[in-house]
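Below, read A as the first sequence line, B as the second, and so on, with proteins coming before strands; counting in each chain starts at 1. This is a predicted model, so every value here is computed, not measured.
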2 protein chains.
Amino acid sequence: MARPYTPGVDRAHPAAGSAPADPVWSSVRDRLHASGLRWTPQRRTILDVLAASDGHVTGAELVERCRAIDPATTPSTVYRTLDVLEDLGVVRHHHGPDGREEFHVLPEAEHGHLHCRVCGRSWEVGAAEVEPMLDALRRHRGFEADISHMALVGRCADCREIRRG
Amino acid sequence: MARPYTPGVDRAHPAAGSAPADPVWSSVRDRLHASGLRWTPQRRTILDVLAASDGHVTGAELVERCRAIDPATTPSTVYRTLDVLEDLGVVRHHHGPDGREEFHVLPEAEHGHLHCRVCGRSWEVGAAEVEPMLDALRRHRGFEADISHMALVGRCADCREIRRG
DNA sequence: ATCGCTACTGCGACGCGTTGCGATAGAGTG
DNA sequence: CACTCTATCGCAACGCGTCGCAGTAGCGAT
């Protein structure tokens, strides 16, 4: 067939139903190859899952969703692939209030995270909001902080309202 | 003996050699009682360990040091006690780059944390350094962030020097 | 000194994430 | 197509931290 190489149509693994035509995802394959890395059915599964996710997802959730597509998926493969994808800039991760990993797919803009300890909700803070502080750290200490990994824990407006203090 | 109640001299458990005469530690006992909580040999062991620690210590390290004093120490007891002590304000914890817990005993001043992803070293940042940003978050979003729990990951001056980027 | 209430302990099992290792299989080459 | 090199996989075991439960033991009251 003269199909111009849609990634993942030739799977033997049950790697999802709809092949992601998204150029972002197909480019991952090339980027892996460019770094001497490989394109495998397992990685395709994970990319399919990521493509179908939005917002923040925990590591365990990603493993679970991969299993829904391919029950043979093992955690180690998922976590290792997520590491690779983070190197490629496809995902970013930070740690929630309890230290567990949360991943964000292809963030449109770099951002940090706020977690309310009381209600558990979370918000994103734009780079602009924290840039002044990061800039100060850079100037005074030469420390270059990773915004994406930043997670501030505290109490949100609503929860402060309820229990004044 | 007319010894005026040095906490922990009457131990049956092997809770340390030198009893901490430090008023800070002895006050913990009273503070527990004031909250309807209890003073136990296990808690004394943990306080002894904390008293002998300075800077930041991981949870696992604390468990290990408790075991050195009392080999019967179990992790769950240690972690649960640390929770209680955090409520009392005796310790503060945050999460390192890998999400593991790090505890700080009785910080003299509230501070956040910087972790270099490359060399693994860490620094403290004074409240003053981050206050402007926290203030902005408070004003714009009503979010009250916990400085002690803040951990920024990135690259320190030395490591940026070596691998420019 | 004894009693009763319940905070606390220790145990066992679990959940998340990581690591080492032998086996497998991408992908470039002849 | 067969061959080689090595990135990747799956497994099993581990480390950190949490949780539920049944028994223990602080501590205030009698």
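- Applying the side-chain hydrogen bond (donor to acceptor under 3.5 Å, both in side chains) test between His104(B) and each of His111(B), His94(B), His93(B) identifies His111(B) as the sole match.
- For Phe103(B) and Thr40(B), each mapped to the nucleotide of DNA chain D holding its nearest heavy atom, the one lying further toward the 5' end belongs to Phe103(B).
- Here the side chain of Arg38(A) is nearest to one of dC9(D), dA7(C), dA27(C), namely dA27(C).
- Side-chain N/O atoms of Thr77(B) include none lying less than 4.0 angstrom from OP1 or OP2 on dC8(C).
- Using a 4.0 Å cut-off between charged side-chain N and carboxylate O, Arg80(B) and Asp83(B) make no salt bridge.
- Ranking dT8(D), dC9(D), dG10(C) by closeness to the Gln42(A) side chain, first place goes to dC9(D).
- Residue-level contact check: Gly99(A) touches neither bases nor backbone, having no heavy atom under 4.0 Å from any strand.
- Between Asp158(B) and Arg121(B) there is a salt bridge, with a side-chain nitrogen of the basic residue lying less than 4.0 Å from a carboxylate oxygen of the acidic one.
- Atom-to-atom, CH2 of Trp39(A) to P of dG28(C) comes out at 15 Å; the value is rounded to the nearest Å.
- In this structure, Ile147(B) belongs to a hydrophobic cluster whose other members, linked by side-chain heavy atoms under 4.5 Å apart, are Leu114(A), Trp123(A), Val125(A), Val130(A), Met133(A), Leu134(A), Leu137(A), Phe143(A), Ile147(A), Met150(A), Leu152(A), Leu114(B), Trp123(B), Val125(B), Val130(B), Met133(B), Leu134(B), Leu137(B), Phe143(B), Met150(B), Leu152(B).
- In this structure, CG of Leu32(A) is placed 19 Å from P of dA25(C), rounded to the nearest angstrom.
- Scanning both residues, Cys116(B) and Arg155(B), for their nearest heavy atoms gives SG-CA, 4.0 Å.
- What separates NE2 of His33(B) from C1' of dC8(C) is a distance of 12 Å, to the nearest Å.
- Nucleotides of DNA chain C nearest to Val84(B) and Asp98(B) differ in position, and the one nearer the 5' end is that of Val84(B).
- Atom C1' of nucleotide dG26(D) and atom CZ of Arg44(B) are separated by 16 Å, given to the nearest angstrom.
- Whole-Å rounding puts the Arg29(A) CZ to dG26(C) P distance at 11 Å.
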Enumerate all atom pairs, one protein N or O and one N or O from nucleotides 11-16 of chain D, separated by less than 3.5 Å.
unit_1: dC11(D); atom_1: N4; unit_2: Ser76(A); atom_2: OG; d: 3.1

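- Between His113(A) and the options His149(A), His56(A), Glu124(A), a side-chain hydrogen bond (donor to acceptor under 3.5 Å, both in side chains) holds for only His56(A).
- We find that CG of Asp87(A) is positioned 14 Å from C1' of dA7(D), with the value rounded to whole Å.
- When the P atom of dT18(C) is taken as reference, atom CD of Glu86(A) falls 11 Å away, rounded to whole Å.
- By the 4.0 Å N-to-carboxylate-O rule, Glu129(A) lies close enough to Arg141(B) to be salt-bridged with it.
- Rounded to whole Å, atom P of dT6(D) lies 14 Å from atom CG of Leu37(A).
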